Each structure stands twice: as structure tokens, then as C-alpha cells.
Protein chains: 2
Amino acid sequence: MALRNAVMAALLEGPASGYDLTKIFDSSVANFWMATPQQIYRELERMEGEDLIEATVVRQERRPDKRVFTLTGRGRGELRAFTSRPPRPIAIRDELMVQVQSVDVGDADAVRTAVTERTAWSSARLGHYLRLRAHLLDGRTEEEHLSRAERIGPYLTLLRGIALEEENLRWYERVLDILERRGALR
Amino acid sequence: MALRNAVMAALLEGPASGYDLTKIFDSSVANFWMATPQQIYRELERMEGEDLIEATVVRQERRPDKRVFTLTGRGRGELRAFTSRPPRPIAIRDELMVQVQSVDVGDADAVRTAVTERTAWSSARLGHYLRLRAHLLDGRTEEEHLSRAERIGPYLTLLRGIALEEENLRWYERVLDILERRGALR
DNA sequence: CACACCTATTCAATTCGTTGACTGAGGAGA
DNA sequence: TCTCCTCAGTCAACGAATTGAATAGGTGTG
């Protein structure tokens, strides 16, 4: 019952199909909420049943038809109500950290490989966020954007994503460095 | 089937009861894995059934008896095998971020309060991590610790926790600042 | 021309996570 | 003495998430 809030927040950016939402969840929202396509489609069904969103079928020429969802007034109301309730504590699960925690009894080479792969992933993501930021700002300074834009929420969460991935990259580098030095000692 | 790896990683620090583990998960492991007591106790039952851990009943004088779990050889083997498989992508769910994302249509005052509360939480956690770090280092420099300690995994994940909370605090401050300025404009 | 990947969803099965309540003892402080 | 806190768990029920597979046309690459 919490995924729906993330879905509604995503729909503030404009109408989207289930497929579009899976894309949005893979890119910008991934920053603070992960969801699989199945989760999203199921939740959309329920939300439609509760009049939080409305679907309009869009017929397409060379593609399968799609159902595009928009937030209803009720949906906006629920989203607003959600923002005034205290949020739950953050939930994280990161297997890579578990591997690093147990690296001393584990396969250090494999862990290093995993960290390297995460580095690639994080830097791709950072690049994506930076492009999104440039696109949002569109030549203006941050000051200008913050004082003129209709919505600042997406910009704030984007800043978080950038800071987080930069921090991740620094930590990954540090871990690789330390693990390599340790490996050399053996 | 993933929680068990976190549990085994925690048991590398030494034998622990279910209750101890809930504490460990609340403090150091919370950094990368969240689990409720119920999840932990249930998982411990299963793990015992699969000979990944062993229980010894410790009778206590003025307290209820407890069952203290230790990693078996099989458990260590499984943990090692886990470290050589590619980790799953990180899973995060943070309602606070969803609230920030939708702050423009939401209750900005409530969101600010929520951010302030998270600030308190993060700074308590940071303090805790810093004390843990001082305790781990025990007067030595990081260099010395890394070259002499038997295990470096816990130190590495601790560094991550510290960096993460520092980053969180910077972001929370920034968000409060921006939201207050916005609020003042209305 | 084949083959893989993209769009756009749906279904079923199973595992996992969350909530709330319950037991019971001892210790600390008002 | 009363109440709250810590220790040390257990149980039931429900909701949410994950995995794997299926469908079906279109588009791009070698």
C-alpha cells in the first residue's frame, strides 16, 4: 500500500502508461523506490479500481495499444494526505554490502568484481542524473530554477540521487583500493 | 532467501541469540539490511533446520534462557558461496523521498517536519557509527587497523554508513533551506 | 535472413515482509 | 506497590514482492 504513493508521485510529471512507469521507475524514481513491472501493473489495476487514477486507451498504429493513466482529483487528495503522515523509516537491502561485510571469509576476487560492476552501474546512473539536471535547468542557474519552477520536488530528489551516487563511487574506489592492498599482502 | 546471508555475516562477529541479532540489525547492519525480529527468528529456525547454524541453550540465573547461535562449517561454506555469486541490485524504499518528490502538491509543513525528524535520526546514527569506529580503531590509525586486523569487512561497511549519513545530513539541511525559502515566498 | 531486443502487458506460484498481539520473568524508579 | 523497561522469545494472518513464463507485433544489427 506504499508503492501507490510512489506511482502517484511519478504521475505528477504527467500521464503515463504502465510501460512508461516501468521506465520512470528504472530511471529517476529508482533513486528512492524500486519496483518491478509486475508490481506496477498490479498496483495500477487496484488504483484504477479505487479511482485514484483513470485510464484512457490510446490506439497505436504500429504498436500494441496502450492504456495511459492520469491522476484523478481523488488521487491528488490521497497523495496530499500521504505527505502529511509521518513517513516510514527507510528500507534498504544491499547484497553487495553483505558481501563486503563478509569479504574476509568470502571470495575476495568475486567481491572486487562485484564492486567494479557496481561502479559501472553507479557511474552510468550518475551520468543519467546529470543529464536530467542539465535538461531541467535548461541553461538557467539553480537559483533561477528554484525560484521560478512550478515544482521543485523532482529537483530536490535529483540532487539526492547525484549526491548519493557520487558518494557511492567514492566508497567503491576506496574499497577496491583497500581490498587490492590486502590481496597483495597474501 | 537473502536475509540468511545477512544473518550469517552478522554471526561472523561471534555467536549471538535471536535477541542479540535483532540488536545488531538495529545498529550496525541497519546500514545495508533492515529486518524485524519476526523475520530474524523465523529465518533462524529455518537455518538451524538446514545446518547453517547451531543452537546451544544457555541457562541464565535471573533471566529467561536463551538460544545462542553459531555458524557451522556448512554455514561458512554457504556464506563463501554467496560472496562469489553476483549480488542482486540494491533495493531501496524511502517514503520520505516520495514525500519530497510530491511536496509541491503536498503538505509542505509536514514534509519539513519529517525531514527534521530524519535529521535527528541520522545524526544519532552517525554518532553511533563514529563511536563504533573509535572503538574498532582503539587508538590506532586506520592504516594500522587495516594492515593488522583479522577482518576488514566490518570496517569497510562502517565507513559506508558514516559517509552515507553525512551525505544524508547535508541533503536534509539543503532541503530544509530550500523549502523554507519557498515557504517564505507564499 | 535470422535473431535478439523493444513495446506493452498479463498470469500464476511462491516466498518474503509487516503488523499486532501474547508470554513471562527481573530490575529500576516514583 | 505500581508501572514501565529490558530481556528473550513465539504465533497467526495478511499483504506485498519476486520469479518465471507467455503473448504478440515491430525494429534494428550483423
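These numbers come from a predicted model, not from an experiment.
Atom CD of B:Glu48 and atom P of D:dT10 are 10 Å apart (whole Å). Residue B:Asp26 contributes atom CG, which lies 14 Å from atom C1' of D:dT6 at whole-angstrom precision. To the nearest angstrom, C1' of D:dC11 lies 14 Å from OH of B:Tyr41. Rounded to whole Å, the distance from CZ on B:Arg67 to P on D:dG9 is 8 Å. Between the CD1 atom of A:Ile24 and the C1' atom of C:dA8 there is a distance of 15 Å, rounded to whole Å. Rounded to whole Å, the distance from CZ on A:Arg4 to P on D:dG15 is 12 Å. Protein atom CD of B:Glu45 is 13 Å distant from nucleotide atom P of D:dA12, rounded to whole Å. To the nearest angstrom, P of C:dT18 lies 13 Å from CZ of B:Phe25.
Donor-acceptor pairing under 3.5 Å is lacking for the side chains of B:Thr72 and B:Glu54.
At a threshold of 4.0 Å, the pair B:Arg42-B:Glu45 does not count as salt-bridged, since none of the basic side-chain nitrogens sits closer than that to a carboxylate oxygen. Ion pairing of A:Arg133 with A:Asp138 is absent here, as no side-chain N (NZ or NE/NH1/NH2) approaches a carboxylate O to less than 4.0 Å. Looking at A:Arg181 and B:Glu143, a side-chain N of the basic residue comes within less than 4.0 Å of a carboxylate O on the acidic one, giving a salt bridge.
Side-chain N/O atoms of A:Lys23 include one lying less than 4.0 angstrom from OP1 or OP2 on C:dT7. In terms of phosphate contacts, A:Tyr19 brings a side-chain nitrogen or oxygen within less than 4.0 Å of OP1 or OP2 of C:dT7. When the side-chain nitrogen and oxygen atoms of B:Arg46 are compared with OP1 and OP2 of C:dC16, one or more of them lie within a distance under 4.0 Å.
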Every protein N/O within reach of nucleotides 18-20 of chain D N/O, cut-off under 3.5 Å:
| residue | atom | partner | partner atom | Å |
| --- | --- | --- | --- | --- |
| D:dT18 | OP2 | A:Gln39 | NE2 | 2.7 |
| D:dT19 | OP1 | B:Arg88 | NH1 | 3.2 |
| D:dT19 | OP1 | B:Arg88 | NH2 | 3.4 |
| D:dG20 | O6 | A:Gln38 | NE2 | 3.0 |

Test log, rule salt bridge (Lys or Arg N to Asp or Glu O under 4.0 Å), inputs A:Arg112 and A:Asp109: CA-CA 5 Å; A:Arg112 269 155 54 190; A:Asp109 283 346; 3.7 Å; yes
Assess the residue pair A:Gln99 and B:Thr83 against the criterion (side-chain hydrogen bond (donor to acceptor under 3.5 Å, both in side chains)); give the C-alpha distance rounded to whole Å, side-chain angles, the decisive distance to 0.1 Å, and a yes or no. CA-CA 5 Å; A:Gln99 297 189 342; B:Thr83 62; over 6 Å; no
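For A:Tyr41 (side chain) and A:Tyr19 (main-chain N/O), a donor-acceptor pair under 3.5 Å exists by modelled atom type.
Among the heavy atoms of the strands lying under 4.0 Å from A:Ser17 are primed sugar atoms or P, OP1, OP2 only; no base atom is included.
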